[in-house]
2 protein chains.
Amino acid sequence: MDNRAKLLEQALHLFAQRGYDAIGVQEIVEQAGVTKPTLYHYFGSKRGLLEALINERLQPLIDRLAHATSHANDVPASLAAIFQLYFDFAQAEPLLYHMQLAMWFSLPDNEAFQIVAVSSAQQQALLESFFVRASSFHGNMRGRQRVYAATLLGTINTYIGLWLSGAIQATPQLIHQAVQQFSYGIYS
Amino acid sequence: MDNRAKLLEQALHLFAQRGYDAIGVQEIVEQAGVTKPTLYHYFGSKRGLLEALINERLQPLIDRLAHATSHANDVPASLAAIFQLYFDFAQAEPLLYHMQLAMWFSLPDNEAFQIVAVSSAQQQALLESFFVRASSFHGNMRGRQRVYAATLLGTINTYIGLWLSGAIQATPQLIHQAVQQFSYGIYS
DNA sequence: CTTTCTCTATACTTATCGGTATAGAGAAAG
DNA sequence: CTTTCTCTATACCGATAAGTATAGAGAAAG
């Protein structure tokens, strides 16, 4: 593994454990076994390091979400696929997802939040466009895309947060229940 | 307003805007118009300042939650009261609630998270005991208190997060819908 | 009128913060 | 053999981090 990958991995571990603001670049380079100029050569700044982490490792989630939200002719099936997609990703990248989750509700002027906000907005936009498409099949959804997208993400993240803390298992029954619970707030 | 109160207020503003880790004590005392020994006289440390903020200003929420969860003979009514209580508190203390919310899903080894975790655990415990009581009326709830308490908080915080960002209004209809949505995942 | 206690300011500590100037090692290209 | 480019280390920058030693101001208590 080259030094760039080592830096990304150690930064993820440290950010996910104690938070972006609480970690200094010195600690990252020590854990990675390199020195500061190496980090600044590859990423330019501490901010650039987090941006690289987010852009590179979170992109698969965005891509799969774009695919899952591209059609809305069977809304319940699409919702189940979206839940499944998030659970799969969180299981494949628990540290990354936990880090993103910690910044989800975070604070507007915080640097880490602003970096993560870009991909958060992408997810929100994809989900909103899904609900716009769905409203051509379910007329009573119209105009509520923002709230639907946000509550869907809220429900997903609540369950993933529970799973990350070990309180629940990610069974097919759980996915089904989560979809049902969310749907009940939608079709009414 | 005395210096102690000034320090608490300015610390809340700064913590809620940029996060605990991103704020230095120097900035707090400057905003409050005092000097560092004053802060250390009243709170002993930066950590003690956040602890005082949480303990003093979040206590009313805990107290009201303890009252609302003390009986469970009418579960839907109690759930509505709990939702209403959280919305009322978030409207009365938006900065404090936003700060707490930002630390909700936060990271285990982070100092700010550990401080807020105490009151989070209190809320979780009160809600769990409510669901234990409720299970004497609804037998199928037994053994699921932890998950119910966590998903209830998740639903509440999703809606409050939406309200804090200005996306929704806190109408009685919204409370009703949120209770319905949560209940649908419970009684099944 | 003096002692005592609470509170606050000046000035300082050591350690760490993010970031960089300089230089050198090593491989690739001519 | 020399030039060029990528990568990394030593040593440093000014600024800021949390926290404190010392002293004094002002009110309360004796």
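All chains are named by letter (A, B, ...) in the order of the sequence lines, taking the proteins before the strands, and each is independently numbered beginning at 1. Remember, predicted model here, so these are calculated numbers, not experimental data.
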### Task
Look at atom NE2 of B:His176 and say whether more than 12 heavy atoms of other residues, nucleotides or ligands are closer to it than 6.0 Å.
no
### Query
According to a strict under-4.0 Å criterion, is A:Thr38 in side-chain N/O contact with OP1 or OP2 of D:dA9?
yes
### Query
How many Å lie between CD on B:Glu30 and C1' on D:dA17, as a whole number?
13 Å
### Query
What class does the angle between the rings of B:Phe131 and B:Phe182 fall in, given that below 30° is parallel, 30 to 60° is tilted and above 60° is perpendicular?
tilted
### Task
Mind calculating the distance between CD (B:Gln26) and C1' (C:dA15) to the nearest angstrom?
16 Å
### Length of the line joining B:Arg47:CZ and D:dG19:P, which is rounded to integer Å
11 Å
### Message
Does C:dG18 have OP1 or OP2 under 4.0 Å away from a side-chain N or O of A:Lys46?
### Response
yes
### Query
Who does D:dG19 pair with, Watson-Crick or G-U, both distances under 3.5 Å?
C:dC12
### Task
Could you check how far CZ of A:Phe43 sits from C1' of C:dG18, rounded to whole Å?
16 Å
### Pairing partner (Watson-Crick or G-U wobble, both distances under 3.5 angstrom) of D:dA29
C:dT2
#### Entry: Trace of the side-chain hydrogen bond (donor to acceptor under 3.5 Å, both in side chains) decision for A:Gln123 with A:Gln100
CA-CA 12 Å; A:Gln123 297 172 51; A:Gln100 191 218 209; 2.9 Å; yes
### Task
Can you tell me the pairing partner of D:dC13 across any strand shown, Watson-Crick or G-U wobble, with both distances under 3.5 angstrom?
C:dG18
#### Entry: G-U wobble or Watson-Crick pairing nucleotide for D:dC7 (cut-off 3.5 Å, both distances)
C:dG24
### Message
Just the rounded figure in Å: distance from P of D:dA17 to CD of A:Glu27.
### Response
18 Å
#### Entry: Distance in angstrom units between A:Ile28 CD1 and C:dT16 P, rounded
16 Å
### Message
Whole angstroms only, please: what is the CG-P distance between B:Leu39 and C:dC7?
### Response
14 Å
#### Entry: Any A:Tyr40 side-chain nitrogen or oxygen under 4.0 Å from OP1 or OP2 of D:dC7
no
## Note on the structure
Rounded to whole Å, CG of A:Leu7 lies from P of C:dG18 at a distance of 14 Å
### Message
Test your reading of the model: is there a side-chain donor-acceptor pair from A:Thr151 to the backbone of A:Gly154, 3.5 Å cut-off?
### Response
no
### Query
B:Ile23 or A:Asn3: which one's nearest nucleotide on DNA chain D is closer to the 5' end?
A:Asn3
### Task
Assign each of B:Asp21 and A:Val34 to its nearest nucleotide of DNA chain D by heavy atoms, then name whichever residue's nucleotide is nearer the 5' end.
A:Val34
### Message
Base of D:dA18, side chain of B:Lys36 - is there a donor-acceptor contact under 3.5 Å?
### Response
yes
### Query
Only one of B:Lys36, B:Lys46, B:Arg18 forms a salt bridge (Lys or Arg N to Asp or Glu O under 4.0 Å) with B:Glu27, so which one is it?
B:Arg18
### Task
Respond yes when some side-chain nitrogen or oxygen of B:His41 is under 4.0 Å from OP1 or OP2 of C:dT8, and no when none is.
no
